[in-house]
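First the structure, in the form of structure tokens, and then the observations on it.
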There are 2 protein chains.
Amino acid sequence: MSTRRDAVRQALTESTGFRSAQDLYADLRADGSKIGLTTVYRALQALSDSGQVDVLRTDDGEAVYRACDTESHHHHLVCRVCSTAVEIEGPAVERWAVEMGAKHGFTGVTHTLEVFGTCARCS
Amino acid sequence: MSTRRDAVRQALTESTGFRSAQDLYADLRADGSKIGLTTVYRALQALSDSGQVDVLRTDDGEAVYRACDTESHHHHLVCRVCSTAVEIEGPAVERWAVEMGAKHGFTGVTHTLEVFGTCARCS
DNA sequence: TCACATTTTGACAATCATTTTCGTTTTCGC
DNA sequence: GCGAAAACGAAAATGATTGTCAAAATGTGA
């Protein structure tokens, strides 16, 4: 609906990597948009709530977002230099996580898994 | 060396779960210590730098720490209610992560993996 | 034990990402 | 076109974490 939210989604889609709210805000302003920082945060919140973008936290706690090709469960192989990411899947890991949970009496098991490295271009 | 750092390590060791710096500060003060918040942060920084405690980020970006039994690479099964954690290992996952990285031309591959659920006691 | 250098500490201020607040502007249904 | 509801944005508020700096603790050699 909202043009603003679309602008944020668009900006995110143009990148293959994870971007922070501040990054996106800077990009949009640089492109001439009059968007406010608050709106960027609101858009990202909405987009992640609806599962349209993936979120993860950098080591220093900053939230970074990515518009992924698929909305189904997957993980990422992220370049620690340029933050470019590749979507990856690991069926075996999914099973392992659930098994581990069951083994220790945990219910409602979920997991977070991200793989980091330096991509070919950045090496 | 430092009594203060030991106090922080001690406070952390008394818990099986992950605790935030603010939590530990509150605990220590409640126990009558005159320790300052800055010192708690410094102690945790030093302890994590030396690999004596594990750190992870909550969904809202807060850093939480845990004194683990082993300093070797491992993951955690964390209760999302009481934050109690169990150390777990997954050799297959380690291999999978490296393979995935190699497959896409990434070097220096590392990964983060945490499993969440509700522990038996909290169910 | 004493004088001095070094390290540790803690109160307080400063950062910085993120959230709230709140008045204004747009968008929509009718 | 008209009023309610949703979206905006600027500025203030939050809250965790870090930086500053002077005081206190500790170590060292004479």
Side-chain angles (χ1 to χ4, degrees), chain A residues 1-13 15 17-67 78 80 83 112 114, chain B residues 1-13 15 17-67 78 80 83 112 114:
Chain A
M1 320 306 156
S2 148
T3 301
R4 294 308 199 193
R5 180 173 310 175
D6 282 338
V8 172
R9 194 206 323 261
Q10 172 76 31
L12 205 49
T13 302
S15 168
F18 280 87
R19 317 293 310 283
S20 71
Q22 308 276 348
D23 284 346
L24 291 168
Y25 172 67
D27 288 353
L28 289 163
R29 297 292 289 204
D31 280 348
S33 169
K34 299 295 186 220
I35 196 169
L37 183 54
T38 306
T39 304
V40 174
Y41 275 103
R42 270 191 292 238
L44 290 171
Q45 183 71 58
L47 289 169
S48 77
D49 282 352
S50 67
Q52 295 177 72
V53 306
D54 284 0
V55 195
L56 61 83
R57 297 265 170 189
T58 62
D59 283 341
D60 59 324
E62 191 179 19
V64 287
Y65 305 80
R66 181 173 194 276
V78 187
R80 65 168 70 81
S83 88
T112 63
E114 308 300 334
Chain B
M1 311 296 171
S2 149
T3 302
R4 293 308 199 192
R5 181 172 308 176
D6 282 339
V8 172
R9 194 205 322 262
Q10 173 76 32
L12 205 48
T13 303
S15 167
F18 280 89
R19 317 293 311 282
S20 71
Q22 308 276 348
D23 284 346
L24 291 168
Y25 172 67
D27 288 353
L28 290 163
R29 298 291 290 204
D31 280 350
S33 169
K34 298 292 188 226
I35 197 170
L37 183 54
T38 306
T39 304
V40 174
Y41 274 103
R42 270 191 293 238
L44 289 171
Q45 183 71 58
L47 290 169
S48 77
D49 282 352
S50 67
Q52 296 176 72
V53 306
D54 284 0
V55 195
L56 60 84
R57 296 265 171 189
T58 62
D59 283 339
D60 58 324
E62 191 178 19
V64 286
Y65 306 80
R66 181 174 195 273
V78 187
R80 64 169 69 84
S83 88
T112 62
E114 308 301 334

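Since we're looking at a predicted model, the values are computed, not measured.
- The side chain of B:R4 lies closest to C:dG10, out of C:dT18, C:dT19, C:dG10.
- A:E114 CD to B:E114 CD: the interatomic distance, rounded to the nearest 0.5 Å, is 11.5 Å.
- Between the C1' atom of C:dC16 and the CD atom of A:Q22 lies a distance of 8 Å, rounded to the nearest Å.
- Put simply, the side chain of A:T38 and the base of D:dA10 share a donor and an acceptor less than 3.5 Å apart.
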Protein N or O to nucleotides 21-26 of chain D N or O, pairs below 3.5 Å:
none

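- Nucleotide D:dA10 holds its P atom 6 Å from the OH atom of A:Y25, rounded to whole Å.
- How far OG of B:S20 is from CG of B:L44: 9.0 Å, rounded to the nearest 0.5 Å.
- Atom CZ in A:R29 sits about 12 Å away from atom C1' in D:dC8, given to the nearest Å.
- Rounded to the nearest 0.5 Å, atoms OG1 (A:T39) and OH (A:Y25) are 9.5 Å apart.
- The main-chain N or O of A:L12 is never found under 3.5 Å from a side-chain atom of A:S15 such that the two would form a donor-acceptor pair.
- Rounded to whole Å, the distance from OH on A:Y65 to P on C:dA17 is 13 Å.
- Inspection of the B:Q52 and B:S50 side chains reveals an N or O donor paired with an N or O acceptor under 3.5 Å.
- Atoms CZ (B:R57) and C1' (D:dT17) sit 9 Å apart, rounded to a whole Å.
- Distances shorter than 4.0 Å separate none of the side-chain N or O atoms of B:Y41 from OP1 or OP2 on D:dT18.
- If you measure from atom CG of B:L28 to atom P of C:dT9, you get 12 Å, rounded to the nearest angstrom.
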Under the side chain to side chain contact (heavy atoms under 4.5 Å, CB included) criterion, do B:R42 and B:R4 qualify, and how do the steps go?
-> CA-CA 10 Å; B:R42 270 191 293 238; B:R4 293 308 199 192; over 6 Å; no
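- Here the P atom of nucleotide C:dT9 and the CG atom of B:L44 are 12 Å apart, to the nearest Å.
- Rounding to whole angstrom units, CG of residue A:D60 and P of C:dA17 are separated by 9 Å.
- If you check the side chains of A:D31 and A:S33, you find no donor sitting under 3.5 Å from an acceptor.
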